[in-house]
Amino acid sequence: MGYYLNSKKVYSLYESEAVKPYFVDKSQMLIDLITLVEQENNHICITRPRRFGKSVMATMVGAFFGKGADCSNIFDTLKIADYEKYRKHLNQHDVIYIDFSESANISNNYDDFINRIQKMLSRDLHKAFPSVDFWDAAYPVEELRLIHEETGTSFIFVFDEWDCIFHKTYITKDDRERYINFLASLTKGTGYVSLSYMTGVLPVAKYSSGSTINNFNEYTMAVQPKYSEYFGFSDQEVDMLYERYLNYEHRPVVARDDLRLWYDGYYTAGGIRLYNPRSVVLALTNNCLASYWTTTGPYSEISTYIVNDVDGVKKDVALMAAGEAVPSKVEEFAATAMHLSTRDEILSAMVVYGFLNYENGKVHIPNKELMDEFSRTIRKEKNLGYIYNLAHASDRMLRATLSRDTRTMEEILQFAHDTETPLLNYNNETELTAIVNLVYLAARDNYYVERESKSGEGYADFIFYPERQGDDGIILELKVDDTPEAAIQQIKNRKYILKFQGKMAEKRRHTGRVLMVGIGYSKKDKNHHCKIEMMQL
């Protein structure tokens with residue numbers, strides 16, 4: 001047993017996941033992979049955003065097929081055990097499992113990174129096949145071919161985080177191409193590969209016809225529906241985990257609906273809606289809703305393009321922070337570029353990294369967890385100019401609303417309208433809605449803000465659910481070329497107040513008072529008018 005070849009490490013890693021209370025059985029994916037192994041010489045690359053379970057699935061594949069340890073104690077209890085070919089393939093293959101992030105994190109340059117991998121793999125091969133005459137073979141690819149020729153052995157390759165090296169500051173453009181050539185030489189046009197299973201965030205980069213890894217079938221979340229159900233959690237799976245949570249936790253404080261609001265919102269090419277699995281597990285484990293997304297790495301890099309307004313992208317980000325979806329042509333390979341130059345490339349990179357969701361030709365911020373990250377960026381970066389100013393006016397806007405200071409509210413809305421570079425033209429209520437959402441950005445610190453919420457006998461424009469004990473709820477209705485009084489009357493007539501009663505009232509903490517806020521805008525005189533009434537539940 002070696003470091004990469006038939007390593008016991010993958011068994012230990014997957015076993016540690018399988019015994020956790022919020023583990024989800026995704027082992028039926030192995031049925032597809034068994035078919036590919038039996039056909040031989042198959043190569044797949046599955047790319048997903050960070051924190052979507054890629055590494056757990058990679059260890060599952062390595063543990064199941066590899067000879068490093070007897071894994072029957074794990075897999076006998078999983079769904080794959082019911083498959084007729086289960087025993088035929090359980091721990092019956094030679095598996096080379098490489099987590100590229102390990103070497104990348106302890107290397108200072110590309111040569112050190114790749115030489116470390118090749119040296120350890122050669123050591124494993126010599127140790128496992130002592131009878132093979134390796135004579136003057138200098139590289140693992142030559143040693144693998146000799147092993148196959150002399151023993152007939154075929155290998156399953158599991159490559160996790162294949163693209164992690166691209167985010168290292170020491171990697172140059174030439175290094176990238178050398179790395180692609182290394183992967184191609186190891187897997188392409190060889191007889192010793194039964195299956196290559198590769199995962200990462202970025203699609204396989206196609207740098208040139210001479211170095212393309214065109215033997216891999218690629219499966220991305222935004223374009224290919226296959227394998228979608230195995231990465232991320234479905235509604236049904238989160239329901240199951242939530243039942244476990246209620247049984248495990250002595251004093252549960254996380255509401256099921258809040259998991260949806262915070263971590264749901266991703267859509268696959270096949271229309272499957274998914275939750276960020278890592279965030280769901282941490283929220284249940286910690287008994288606390290929070291943003292478990294990290295702002296380091298790719299997000300920090302991409303936020304630079306936002307702050308510098310490359311190709312006018314800050315307007316798109318502001319609109320999405322205001323709850324709108326913006327049209328975009330997603331070009332997933334653009335994310336592999338070292339420098340992004342167009343709005344579509346920048347938005348595509350955000351989709352690939354999981355900061356945005358892509359659906360029906362538009363991109364949007366998927367949930368509260370990510371909305372909070374974008375809100376923080378907007379509120380701290382002065383380079384965003386008028387958008388930064390609007391976001392900071394939102395603190396005053398919320399205070400004015402809670403104190404029913406309609407004059408200040410009207411002044412702030414007028415400031416938003418008269419800003420040097422307005423986001424929109426106020427031609428309809430949708431455009432007014434975007435601006436209003438932005439000037440209430442601060443409300444998201446203490447409220448969950450719901451757009452177009454089904455309430456009573458219609459859809460309220462905004463409902464603000466307080467997260468703190470003792471805060472008032474808010475229902476906000478907008479009207480273009482109509483009065484704020486008409487907006488408040490609609491709130492009453494359509495019984496939007498019902499949203500704060502019943503089960504919703506049990507889950508949300510508020511005083512029992514709800515502010516009904518009406519905002520009207522006149523296209524004729526370009527003025528805003530506000531009115532607020534209090535209603536007691």
Side-chain angles (χ1 to χ4, degrees), residues 1-11 36-45 58 61-63 65-69 89 91-104 106-162 165 171 174-198 204 207-216:
M1 304 304 111
Y3 191 80
Y4 292 135
L5 175 62
N6 296 327
S7 171
K8 290 183 179 179
K9 175 184 176 181
V10 290
Y11 163 78
L36 296 178
V37 168
E38 291 183 340
Q39 294 171 351
E40 295 195 346
N41 198 29
N42 278 295
H43 311 267
I44 64 173
C45 179
V61 175
F65 287 111
K67 297 178 179 178
H89 290 276
N91 304 135
Q92 298 300 308
H93 298 268
D94 287 294
V95 172
I96 295 173
Y97 178 96
I98 302 177
D99 177 355
F100 286 106
S101 67
E102 288 185 344
S103 183
I106 59 176
S107 300
N108 296 314
N109 57 69
Y110 175 75
D111 287 330
D112 184 29
F113 162 77
I114 205 67
N115 289 339
R116 185 186 302 273
I117 291 172
Q118 296 201 96
K119 181 179 179 181
M120 294 299 293
L121 181 53
S122 290
R123 174 182 175 275
D124 288 352
L125 295 174
H126 282 256
K127 184 178 179 180
F129 297 93
S131 63
V132 174
D133 181 7
F134 292 106
W135 45 293
D136 62 347
Y139 300 100
V141 63
E142 297 173 328
E143 294 160 347
L144 288 163
R145 286 172 179 165
L146 288 171
I147 292 170
H148 182 66
E149 289 294 329
E150 293 193 22
T151 69
T153 302
S154 294
F155 297 85
I156 293 175
F157 289 85
V158 180
F159 295 150
D160 192 23
E161 298 198 48
W162 82 271
I165 192 67
I171 293 297
D174 288 341
D175 291 337
R176 288 186 174 203
E177 189 159 345
R178 291 166 65 194
Y179 177 56
I180 293 295
N181 282 326
F182 164 73
L183 293 177
S185 68
L186 202 59
T187 62
K188 186 176 180 181
T190 64
Y192 55 73
V193 179
S194 294
L195 172 69
S196 297
Y197 176 91
M198 189 158 70
V204 176
Y207 286 93
S208 69
S209 59
S211 62
T212 298
I213 311 181
N214 58 8
N215 54 319
F216 275 85

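FYI, side chains are in, hydrogens and waters are out, and symmetry mates aren't considered; it's all heavy atoms of this structure. Here the structure is a predicted model, which means the values were calculated and not measured.
- Between His43 and Asn41, the side chains place a donor N or O and an acceptor N or O closer than 3.5 Å (distance only, hydrogens not considered).
- Formation of a donor-acceptor pair under 3.5 Å by the Tyr4 side chain with backbone atoms of Ile117 is not found in this model.
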Verdict with reasoning, Asp175 to Arg178, per salt bridge (Lys or Arg N to Asp or Glu O under 4.0 Å)
CA-CA 5 Å; Asp175 291 337; Arg178 291 166 65 194; 3.2 Å; yes
Worked verdict on Tyr139 versus Phe182 for ring-ring contact (aromatic ring centres under 6.0 Å, His included): CA-CA 11 Å; Tyr139 300 100; Phe182 164 73; 9.5 Å; no
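- One finds the NE2 atom of His93 at 5.0 Å from the NE2 atom of His89 (value rounded to the nearest 0.5 Å).
- Minimum interatomic distance between Ala104 and Ile165 (heavy atoms only, all atoms of both residues): CB-CD1, 3.9 Å.
- Closest of all the heavy-atom pairs between Ala58 and Val158 is O-CG1, 3.7 Å.
- Counting only heavy atoms from C-beta outward, the side chains of Leu183 and Phe216 never approach each other to under 4.5 Å.
- Residues Ile106 and Arg116 are in side-chain contact: their nearest non-hydrogen atoms beyond the backbone lie under 4.5 Å apart.
- Counting only distance, with no hydrogens or angles, the side chain of Asn42 and the backbone of Leu195 share no donor-acceptor pair below 3.5 Å.
- In this structure, the side chain of Asp124 engages the main chain of Leu5 through a donor-acceptor pair within 3.5 Å.
- The minimum heavy-atom distance between Lys8 and Gly68, with the atom names listed, is CG-O, 3.3 Å.
- Here the CD atom belonging to Glu142 is positioned 7.5 Å from the CG atom belonging to Asp136, to the nearest 0.5 angstrom.
- Not one N or O on the side chain of Asn91 forms a donor-acceptor pair closer than 3.5 Å with the backbone of Phe65.
- Considering CG of Asn181 and NZ of Lys188, their distance stands at 10.0 Å, rounded to 0.5 Å.
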Checklist entry - Can you check side-chain contact (heavy atoms from CB on, under 4.5 Å) on Asn6 and Val95, steps first, answer last? => result CA-CA 5 Å; Asn6 296 327; Val95 172; 4.2 Å; yes
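- Between Leu125 and Phe134, the shortest heavy-atom distance links the atoms O-CZ, 3.9 Å.
- The distance from atom CG of Asp133 to atom CD of Glu150, rounded to the nearest 0.5 Å, is 6.0 Å.
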For side-chain contact (heavy atoms from CB on, under 4.5 Å), just list the numbers for Asp99 and Glu161, CA-CA rounded to whole Å, side-chain angles, deciding distance to a tenth of an Å, and then say yes or no. CA-CA 6 Å; Asp99 177 355; Glu161 298 198 48; 4.2 Å; yes
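- Looking at Phe157, Phe159, Tyr3 one by one, the single match for side-chain contact (heavy atoms from CB on, under 4.5 Å) with Ile98 turns out to be Phe159.
- Once rounded to the nearest 0.5 Å, the distance linking CZ of Arg145 with OH of Tyr192 reads 5.5 Å.
- Taking the ring centroids of Tyr97 and Tyr197, they lie at or beyond the 6.0 Å cut-off.
- Side-chain atoms of Ser103 come within 3.5 Å of backbone atoms of Phe113 as a donor-acceptor pair (strictly under, hydrogens ignored).
- The shortest distance between side-chain heavy atoms of Val193 and Phe155 does not fall below 4.5 Å.
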Using side-chain contact (heavy atoms from CB on, under 4.5 Å), reason through Tyr110 and Asp174 one step at a time and then give a plain yes or no. CA-CA 10 Å; Tyr110 175 75; Asp174 288 341; over 6 Å; no
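- Remark: the backbone N or O of Trp162 is paired with a side-chain donor or acceptor of Tyr179 at under 3.5 angstrom.
- Checking side-chain atoms of Ser107 against main-chain N and O of Asn109 turns up no donor-acceptor pair under 3.5 Å.
- Atom CG of Leu144 and atom OG1 of Thr153 lie 10.0 Å apart (nearest 0.5 Å).
- Using a 4.5 Å heavy-atom threshold, the side chains of Lys119 and Ser122 count as separate.
- Taking the side chain as every heavy atom from C-beta outward, Lys67 and Asp94 approach each other to under 4.5 Å.
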